[in-house]
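All heavy atoms count here, side chains included; hydrogens, waters and symmetry mates do not.
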There are 2 protein chains.
Amino acid sequence: MSAGFPIGRAAEQSGVKVPTIRYYEEIGLLPAPPRTGSNRRLYGDDELKRLAFIRHARELGFDVDAIRTLLSLQDNPQQSCAAADAIARDRLLEVRARISRLRALERELERMADNCAHGHVGECRVIEILADGTHEHGRLGD
Amino acid sequence: MSAGFPIGRAAEQSGVKVPTIRYYEEIGLLPAPPRTGSNRRLYGDDELKRLAFIRHARELGFDVDAIRTLLSLQDNPQQSCAAADAIARDRLLEVRARISRLRALERELERMADNCAHGHVGECRVIEILADGTHEHGRLGD
DNA sequence: TTGCTATTCTCCAGTGACTATAGATTAGGG
DNA sequence: CCCTAATCTATAGTCACTGGAGAATAGCAA
């Protein structure tokens, strides 16, 4: 039954820095929390999870707009199936594309570390790995 | 035996916009190409691959510094095994962390699309999926 | 050759997502 | 009560682009 905690603790718990939390509130990613009598923000566990989610999603390279749509799935569970489905499917395609790129890069980095273990660096082919010509110029994320 | 192509064609081939190519040159991610008599940049296939690589890596959320170290593997194949190995291993850890996060998100999005197919949205748990408390506060990428 | 549009050039200002600083106020411990 | 740490608002700076202004050049058609 805690009455909530201040922004500093929210920051250290969520891994999102204090000014960034205020920034997220400003741009509407995080709802404005209640304040104390002396005007200080009071956070609870829900905003903590939301913050950590935003942090991870940003680290994965999603831009704020993508995160907004992801959070809208969470926030409006009553919205039309069609809308939620469209959002989920789009993000799913994007996520899968990212995974396959990362796995290709993973294999190449493994190969290099492996070669190193045997005493020689060999040519690095990271460029060839990711520089394949598959142009889907429709943006995939940011 | 083409004498190279101008920046516009390099842009459309690589998927990197013209001003962004000039920017990459400015910050030293892309070597300054030769110029024509009238001072226009002339690119070849190698720069093209490098550009596409940079584009993909940025889309995957690597920052310019990370890309710089990745490219350094490519650029100095003669460098010490220890150095190359360290870079490759670090990036590998990072890449794997990203992959596992993305796979968790993939599963949740699949579940949602799946639920939708059966007529109900259900609660969205994207937040719980990524908002786990595993704090490795050492930055992983950017 | 002349005319015309497209492309390139450099430089500089603007955007998105933070990140840091300044100055004032408040909280909480000794 | 005092003092340091945390918080507040507001503003400015950073990173990685992105777009615009204005001038020069390319390339093609008449």
Side-chain angles (χ1 to χ4, degrees), chain A residues 2-30 32-44 47 50-71 137 139-142, chain B residues 2-30 32-44 47 50-71 137 139-142:
Chain A
S2 110
F5 28 82
I7 198 167
R9 259 174 66 72
E12 91 194 39
Q13 300 271 88
S14 66
V16 179
K17 292 176 190 157
V18 169
T20 307
I21 295 177
R22 291 197 274 250
Y23 171 71
Y24 286 156
E25 181 182 329
E26 194 183 312
I27 64 171
L29 268 194
L30 195 69
R35 302 280 185 121
T36 68
S38 59
N39 200 35
R40 300 188 171 196
R41 292 166 178 84
L42 278 181
Y43 295 95
E47 2 317 79
R50 198 178 177 97
L51 277 171
F53 172 78
I54 296 171
R55 178 168 86 89
H56 290 311
R58 290 291 298 124
E59 280 170 4
L60 292 173
F62 293 99
D63 66 7
V64 166
D65 250 43
I67 296 173
R68 227 184 276 277
T69 66
L70 241 16
L71 287 173
H137 267 200
R139 313 308 334 287
L140 66 156
D142 346 58
Chain B
S2 110
F5 30 86
I7 198 168
R9 260 173 65 73
E12 89 194 40
Q13 302 269 90
S14 67
V16 179
K17 293 178 190 157
V18 170
T20 307
I21 295 178
R22 290 197 273 251
Y23 172 72
Y24 286 156
E25 181 183 328
E26 194 183 312
I27 64 172
L29 269 193
L30 196 68
R35 303 278 185 123
T36 68
S38 59
N39 200 34
R40 298 186 173 199
R41 293 165 177 85
L42 279 180
Y43 295 95
E47 298 56 13
R50 199 176 176 95
L51 277 172
F53 172 79
I54 296 171
R55 178 168 87 90
H56 291 310
R58 291 290 297 125
E59 280 169 4
L60 292 174
F62 293 98
D63 67 6
V64 167
D65 249 42
I67 295 174
R68 225 185 278 276
T69 66
L70 241 15
L71 287 173
H137 266 198
R139 313 307 337 284
L140 67 155
D142 339 60

Tell me which of V64(B) and S38(B) sits closer to the 5' end of DNA chain D, going by the nucleotide each one is nearest to. V64(B)

Within the 4.5 Å heavy-atom criterion, are I27(B) and V64(B) side-chain neighbours or not? yes

What integer distance in Å separates N39(A):CG from dT26(C):P? 9 Å

Starting at CZ of R9(A) and ending at P of dA27(C), how long is that distance when rounded to a whole Å? 18 Å

What distance do D65(B) atom CG and L70(B) atom CG have between them, rounded to the nearest 0.5 Å? 11.5 Å

Take the protein atom NZ of K17(B) and the nucleotide atom C1' of dT7(C), then report the distance between them rounded to whole Å. 18 Å

If I take atom CG in residue D63(B) and atom C1' in nucleotide dT19(C), what distance separates them, rounded to the nearest angstrom? 15 Å

N or O in side chain of Y24(B) less than 4.0 angstrom from dC17(D) OP1/OP2: yes

Taking the nucleotide of DNA chain D with the nearest heavy atom to each, does R40(A) or R35(A) sit closer to the 5' end? R40(A)

Could you check how far CD of E26(A) sits from C1' of dC8(D), rounded to whole Å? 14 Å

Tell me whether the side-chain N/O atoms of T20(B) come closer than 4.0 Å to OP1 or OP2 in dT18(D). yes

Applying a 4.0 Å non-hydrogen cut-off, can you work out what R22(A) is touching in the nucleic acid: base, sugar-phosphate, or nothing? base

Out of dC8(D), dT8(C), dC18(C), which has the shortest distance to the side chain of I7(B)? dT8(C)

Euclidean distance, atom CZ of residue R58(A) to atom P of dA16(D) [Å, nearest integer]: 13 Å

Give the rounded distance in Å between these two atoms: CG of D65(A) and P of dT15(C). 16 Å

Contact between P33(B) and R41(B) at the side-chain level, heavy atoms closer than 4.5 Å - yes or no? yes

Quick one: does I54(B)'s side chain get under 4.5 Å of L71(B)'s, heavy atoms only? yes

Phosphate OP1/OP2 of dT10(C): any R41(B) side-chain N/O under 4.0 Å: yes

Rounding to 0.5 Å, atoms CD (E12(B)) and CZ (F5(B)) come to a distance of 10.5 Å

Check the distance between dA16(D)'s P and L30(B)'s CG and give it to me in whole angstrom. 16 Å

Can you identify which nucleotide, out of dC17(D), dT19(C), dT10(C), has its nearest atom closest to the Y23(B) side chain? dC17(D)

